[in-house]
Amino acid sequence: MSGSDQEDQTAANNGGDRVFISAFFVGIAAISFGLGAFVVLAEVPPYQSMKNAWRAGTALWEQRTKYTDVERLDFWAEARSDQSGVTIHDANRAQNGLTLYSSGDGPHAVLIDMDGNIVHEWRMPFSMIHDETSSIPNPQKDDFMHWHTAKMAPDGDLIVQYTAAGDTPYGYGMAKIDQNSKPVWKYLGTAHHDFSIADDGRVYALTQEFRFNTYANRKQLTPPRLDDFAVILSPEGKEIKKVSILDALINSSYANMVDFAPYFANEDILHTNTIQLIDADTAKNFAYGKEGDVVVSFRDLGIIAVLDMDAEKIVWATRGSWLGQHDPDVLPNGDILLFDNQGQLADPDAGQSRVLQIDPETNAITWQYKGTATHKFDSNIRADQQRLPNGNTLITESSGGRLFEVTPTGDIVWEFHNPIRRDDPDNPDKKLIPVVSQAERITDARAALYRDTVPASNTGDAQ
């Protein structure tokens, strides 16, 4: 055999070896995939470890690829108009006061007067309070967080909750801050969504954590799950009680309601988005809870419930015509006011959202506000409402970055649009507006604490 023939034969042999090796590894990969699929689907060991590793890898990949630009977060939405600030103000019919709102452009809250002028502003990034006691060892950058909820405490200080994008748990904690945006206390448990402040300064909040327990006869509740807890914090921000909300539901006479949980959404079964304290005044005409209980909302199951914090049990629960609801508030007459995010299906030109007032005994609608073709009303996530002392209702349309006040007959007597805009990185012809997750009208003595303050400059080192 000539030298060239030998070289050709060697090359052929090497090529055959490469094909064989490639086929071998493809075969090994196929077998591994098949075995992995069998292990997970048949739930034989070590299926849970493989399942956990897959979820962790997927989450990391999404964080590194989807959450790269602040403007692509769901803290921002396409601006529906170029309107800015107060656009409607009927002084004779609107409830006078100061309006507090948090904005999706960062850990930031604003207090405005009825004309939209800034009376006060707070800013404090999470990096100012994060330390080694946090259950979030490597938090997102400050730009990737905002205050989902900011409420004024009885003493006029602000209590805020930090929410991050692209991380799970997404609740990072809470803090109480003074007028100069300096921390009074911090709570670095994984607080998320909502909280309620008692007159004595205690705070009722929601936290979340992954759990790996199972429940008999409910195989769809597979671990790991992102479970919710109701916690009570002292006036100094110390945790004094913690109750598993899922356990409280499973161990109650309303346990069968969890069977509505789909088998494909077992990582965040309840998605609890509201906690409201039932105080002495609220309890007078509300037949389904006592003073010290809390009203909670399970968005993905469409459930409103009452949790007895002493017995650690759900004592009442209901479902209704709402869909993806937020912020059920017990009113002085015993009715429940809630934001129905996606339940307005009959008139799409008016938007998919509405605010409902319901009789909890019958679920009958006793009052509602729906949008119109002129004033479309649409917030598929987040949002809240507040019944005001004059009988009007302040509504937060989060996805639109809009606040507005309506009379009992549905007239808009005050309207405010978040003035902040940014360019859409995917479409330079469009503008983005930061969401307004929640708002409240301050009408009591706390408003006097801020009417004479210097706005926007009292932000300390938190720029």
Side-chain angles (χ1 to χ4, degrees), residues 85-102 109-117 119-120 149-154 156 158 194-199 274 276-282 284-286 295 325-340 353-359 365-371 375 377 379 382-398 400-418 436-451:
V86 172
T87 54
I88 299 173
H89 183 198
D90 183 341
N92 292 324
R93 293 194 290 169
Q95 172 68 63
N96 189 41
L98 302 179
T99 303
L100 172 68
Y101 70 92
S102 55
V110 182
L111 189 67
I112 59 173
D113 64 19
M114 297 299 291
D115 294 319
N117 300 309
V119 174
H120 201 79
T149 303
K151 296 182 180 180
M152 192 175 290
L158 209 64
D194 191 30
F195 56 87
S196 188
I197 308 172
D199 290 339
T274 303
Q276 184 213 6
L277 174 65
I278 300 176
D279 58 21
D281 290 335
T282 307
K284 289 178 181 177
N285 295 309
F286 185 60
V295 178
Q325 79 289 339
H326 284 74
D327 193 34
D329 300 326
V330 178
L331 299 177
N333 71 348
D335 281 0
I336 294 176
L337 189 69
L338 64 91
F339 196 103
D340 181 9
S353 299
R354 56 184 179 170
V355 172
L356 300 179
Q357 182 175 331
I358 63 164
D359 179 341
I365 298 174
T366 59
W367 179 84
Q368 65 178 313
Y369 173 81
K370 299 186 293 185
H375 294 282
F377 183 32
S379 186
R382 300 186 180 90
D384 73 354
Q385 75 292 311
Q386 176 192 9
R387 180 58 49 82
L388 301 173
N390 68 351
N392 291 349
T393 304
L394 178 67
I395 298 173
T396 304
E397 185 189 37
S398 293
R402 180 173 73 125
L403 311 175
F404 62 101
E405 178 184 341
V406 299
T407 66
T409 57
D411 297 331
I412 298 178
V413 294
W414 185 84
E415 182 181 60
F416 172 83
H417 296 263
N418 196 335
V436 179
S437 294
Q438 56 75 228
E440 66 172 329
R441 179 73 48 79
I442 310 296
T443 60
D444 56 26
R446 295 173 297 169
L449 300 173
Y450 290 93
R451 289 192 183 277

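Index from 1, following the sequence.
- Smallest separation of non-hydrogen atoms from S437 and R382: OG-CD, 3.3 Å.
- A salt bridge links K151 to D194: one of the charged nitrogens lies within less than 4.0 Å of a carboxylate oxygen.
- Tested against E440 for a side chain to side chain contact (heavy atoms under 4.5 Å, CB included), the candidates T149, L100, L98 yield a single pass: L100.
- F339 and Y369 have their aromatic ring centers separated by at least 6.0 angstrom.
- Across R446 and P154, no two heavy atoms sit closer than the pair CG-O, 3.8 Å.
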Assess the residue pair I336 and L331 against the criterion (side chain to side chain contact (heavy atoms under 4.5 Å, CB included)); give the C-alpha distance rounded to whole Å, side-chain angles, the decisive distance to 0.1 Å, and a yes or no. CA-CA 6 Å; I336 294 176; L331 299 177; over 6 Å; no
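- Looking only at distances, no side-chain donor or acceptor of D90 sits under 3.5 Å from a matching main-chain atom of A94.
- Annotation for D199: atom CG does not count as buried by contact number, only 12 or fewer foreign heavy atoms lying within 6.0 Å.
- Between the S353 side chain and the S379 main chain, a donor and an acceptor come within less than 3.5 Å of each other.
- Side-chain N/O atoms of Q357 and R387 include a donor and acceptor closer than 3.5 Å.
- The structure places OG1 of T99 at 8.0 Å from CD1 of I442, a figure rounded to the nearest 0.5 Å.
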Give the C-alpha distance, both sets of side-chain angles, the deciding distance and a yes or no for salt bridge (Lys or Arg N to Asp or Glu O under 4.0 Å) between R93 and D411. CA-CA 10 Å; R93 293 194 290 169; D411 297 331; 3.0 Å; yes
Please lay out, stage by stage, how E397 and D384 fare under the test side chain to side chain contact (heavy atoms under 4.5 Å, CB included). CA-CA 7 Å; E397 185 189 37; D384 73 354; over 6 Å; no
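- Rounding to the nearest 0.5 Å gives a distance of 11.5 Å between OG1 of T407 and CG of L388.
- Two residues are said to be in side-chain contact when any heavy atoms from C-beta on lie closer than 4.5 Å; N392 and V406 fail this criterion.
- A donor-acceptor contact under 3.5 angstrom links the side chains of Q438 and S102, judged on distance only.
- Between V436 and Y101, the shortest heavy-atom distance links the atoms CG1-CB, 3.8 Å.
- Counting only heavy atoms from C-beta outward, the side chains of T396 and F404 never approach each other to under 4.5 Å.
- Separation of atoms CG (D113) and OH (Y450) is listed at 15.5 Å; rounding is to 0.5 Å.
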I112 vs V119, test: side chain to side chain contact (heavy atoms under 4.5 Å, CB included). Steps then yes/no. CA-CA 5 Å; I112 59 173; V119 174; 5.7 Å; no
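- Among L356, L338, T274, the single residue meeting the side chain to side chain contact (heavy atoms under 4.5 Å, CB included) criterion with Q325 is L338.
- Under a 3.5 Å cut-off, the side chain of Q386 and the backbone N or O of R441 do form a donor-acceptor pair.
- Contact between L277 and S196 at its shortest, heavy atoms only, is N-OG, 3.2 Å.
- For the atom pair CD1 (I88) and CH2 (W414), the distance works out to 10.5 Å, reported to the nearest 0.5 Å.
- Using a 4.5 Å heavy-atom threshold, the side chains of V355 and W367 count as touching.
- Separation of atoms NE2 (H89) and OG1 (T87) is listed at 11.5 Å; rounding is to 0.5 Å.
- With E415 contributing its side chain and R402 its backbone, the two residues share no donor-acceptor pair below 3.5 Å.
- Without hydrogens or angle criteria, Q385 side chain to L394 main chain gives no donor-acceptor distance under 3.5 Å.
- Side chain of N285 to backbone of P332: a donor-acceptor contact under 3.5 angstrom is found.
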Would you please test I395 and E405 for side chain to side chain contact (heavy atoms under 4.5 Å, CB included) and show each step? CA-CA 6 Å; I395 298 173; E405 178 184 341; over 6 Å; no
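- S398 and A383 get closest at one heavy-atom pair: OG-N, 2.9 Å.
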Start with the C-alpha distance between T366 and D359, add both sets of side-chain angles, then the distance that settles side-chain hydrogen bond (donor to acceptor under 3.5 Å, both in side chains), and finish with yes or no. CA-CA 7 Å; T366 59; D359 179 341; over 6 Å; no
